[in-house]
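For reference, the structure discussed in these notes is given below.
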There are 2 protein chains.
Amino acid sequence: MTESMEIFEQYPGGIFPAGCTSRVLLDHVTSKWGVLVLVSLTDGPQRWSDLRRRAQGISEKMLAQTLKTLEGDGLVNREQQPVMPPRVDYSLTPLGEELAAVLVPLLQWVGRNADQIIGV
Amino acid sequence: MTESMEIFEQYPGGIFPAGCTSRVLLDHVTSKWGVLVLVSLTDGPQRWSDLRRRAQGISEKMLAQTLKTLEGDGLVNREQQPVMPPRVDYSLTPLGEELAAVLVPLLQWVGRNADQIIGV
DNA sequence: CGGAATCCGATCTGATACTG
DNA sequence: CAGTATCAGATCGGATTCCG
């Protein structure tokens with residue numbers, strides 16, 4: 001608890017001012033499906049239907065919305081081939097890879113500890 | 001991208017089955033306010049009013065709800081002293097400390113990159 | 001296949017008021 | 001100080017339908 005507390009040094013009064021860009025980005029990447037989509041993509045470029053399978057339970061609406069948000073943030077790349085039937089590949093940008101690298105440990109921790117925690 | 005991909009090894013078809021305990025816990029800890037409360041508490045035990053200041057913009061309703069959820073998950077401890085006026089201290093449990101340790105790098109990454117990302 | 005559009009209920013938020 | 005209760009409005013999220 002002694003190191004890497006730059007968050008408190010930067011903002012002594014609180015963690016990120018309310019409404020600042022950090023808050024917005026944090027909400028995007030910690031959104032219900034944002035985490036799962038980003039981590040899915042660490043496995044390499046994937047298509048719409050791949051992502052629907054990886055992020056089990058996501059609706060088409062939320063997949064579309066999540067991908068647009070992440071693309072708008074420069075975290076995800078969208079590549080469309082002009083063929084019929086259409087083929088679209090999603091992948092992480094370099095920035096997205098960086099982010100996913102800090103997200104994976106979170107997912108792993110959750111996976112290890114979920115059973116011991118829920119319904120204490 | 002080659003190491004620590006146990007998430008995909010565990011669940012080849014997707015990341016956590018929909019509705020499993022891992023998903024529930026993930027939703028709790030990545031909730032809009034859960035992240036901020038947990039990271040606030042890495043700075044040591046804090047009182048209700050401290051947390052309201054740290055997690056700028058949180059309403060009393062959401063602070064109460066977030067704390068109850070995290071307490072129910074065994075991530076946060078609530079200690080009430082029977083004095084008047086009442087004094088209540090919130091702190092991380094050992095499990096909560098573990099979790100916060102993987103959350104802090106995420107917050108730091110967001111803090112470093114938010115300005116370059118939003119509104120591309 | 002890869003979406004967009006629409007509707008609808010659940011959830012979140014803010015404001016206000018009240019309590020021990 | 002540390003909450004609880006309640007209500008209205010905004011937003012989120014899911015299910016369904018439709019389209020190139």
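Just so you know, these numbers come straight off a predicted model, no measurement behind them. Residue numbers begin at 1 in each chain, while the letters A, B, ... track the order of the sequences.
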Using only side-chain N and O atoms of Tyr90(B), determine if any of them is under 4.0 Å from OP1 or OP2 of dG3(D).
yes

Rounded to whole Å, the CZ-P distance (Arg87(A) to dG2(C)) equals 8 Å

Under 3.5 Å, is there any donor-acceptor pair linking the side chain of Glu60(A) to the base of dA15(D)?
no

Between dA2(D), dC1(C), dG14(C), which nucleotide has the shortest distance from any of its atoms to the side chain of Pro86(A)?
dC1(C)

Please determine if Arg78(B) and Asp89(B) form a salt bridge, counting it only when a charged side-chain N lies under 4.0 Å from a carboxylate O.
no

Check the phosphate of dA2(D) against Lys68(B), side-chain N and O only, distance under 4.0 Å to OP1 or OP2. Yes or no?
no

In whole angstroms, how far is the C1' atom of dG3(D) from the CD atom of Gln81(B)?
16 Å

For the pair made of CG in Asp27(B) and P in dT11(C), what is the distance, rounded to whole Å?
12 Å

At less than 4.0 Å, is any side-chain N or O atom of Arg78(A) found next to OP1 or OP2 of dG3(C)? Yes or no.
yes

Report yes if a side-chain nitrogen or oxygen of Gln65(B) is closer than 4.0 Å to either non-bridging phosphate oxygen (OP1 or OP2) of dC12(C); otherwise report no.
yes

Considering only NZ, NE, NH1 and NH2 on the basic side and carboxylate oxygens on the acidic side, decide whether Asp50(A) and Arg53(A) come within less than 4.0 Å.
yes

Val37(B) side chain near Tyr90(B) side chain, heavy-atom distance below 4.5 Å
no

Compare the minimum distances between each of dG14(C), dG2(C), dC1(D) and the side chain of Ser49(B), then state the nucleotide with the smallest one.
dC1(D)

Can you tell me the distance, in whole Å, between the CD atom of Gln80(B) and the P atom of dT4(D)?
10 Å

Would you indicate what Arg52(A) reaches in the nucleic acid, counting non-hydrogen atoms under 4.0 angstrom: base, sugar-phosphate, or nothing?
nothing

Measure from the side-chain N and O atoms of Thr93(B) to the backbone N and O of Gly74(B), and report whether any donor-acceptor pair falls under 3.5 Å.
yes

Backbone of Gly44(B) reached by a side-chain donor or acceptor of Gln46(B) within 3.5 Å:
yes

Expressed as a whole number of angstroms, how long is the span from Leu63(A):CG to dA4(C):C1'?
13 Å

Whole angstrom value for the distance that separates P of dC1(C) from CG of Asp89(A)
14 Å

Nearest to the side chain of Lys32(A), heavy atoms from C-beta on, is which of dG14(C), dG2(C), dG14(D)?
dG14(D)

Report yes if a side-chain nitrogen or oxygen of Arg47(B) is closer than 4.0 Å to either non-bridging phosphate oxygen (OP1 or OP2) of dA2(D); otherwise report no.
yes

CA sep, side-chain torsions, deciding dist, call: Ser91(A), Asn77(A), side chain to side chain donor-acceptor pair (under 3.5 Å)
CA-CA 5 Å; Ser91(A) 58; Asn77(A) 242 316; 4.7 Å; no

Answer yes or no: is there a donor N or O on one side and an acceptor on the other, between the side chain of Arg52(A) and the main chain of Ile58(A), under 3.5 Å?
yes

Estimate the overall bend of the helix from dC1(C)-dG20(D) to dG20(C)-dC1(D) from the end axes over five pairs each, rounded to 10 degrees.
50°

Find the distance Leu67(B):CG to dA2(D):P and express it as a whole number of Å.
12 Å

Expected output: side-chain Thr66(B) to main-chain Gly34(B) donor-acceptor under 3.5 Å:
no

Counting side-chain heavy atoms from CB outward, which of dG14(C), dT6(C), dG3(C) is closest to Val88(A)?
dG3(C)

Between Met84(A) and Trp33(A), which has a closest nucleotide on DNA chain D that is more 5'?
Trp33(A)

How many Å lie between CE on Met62(A) and P on dG3(C), as a whole number?
15 Å

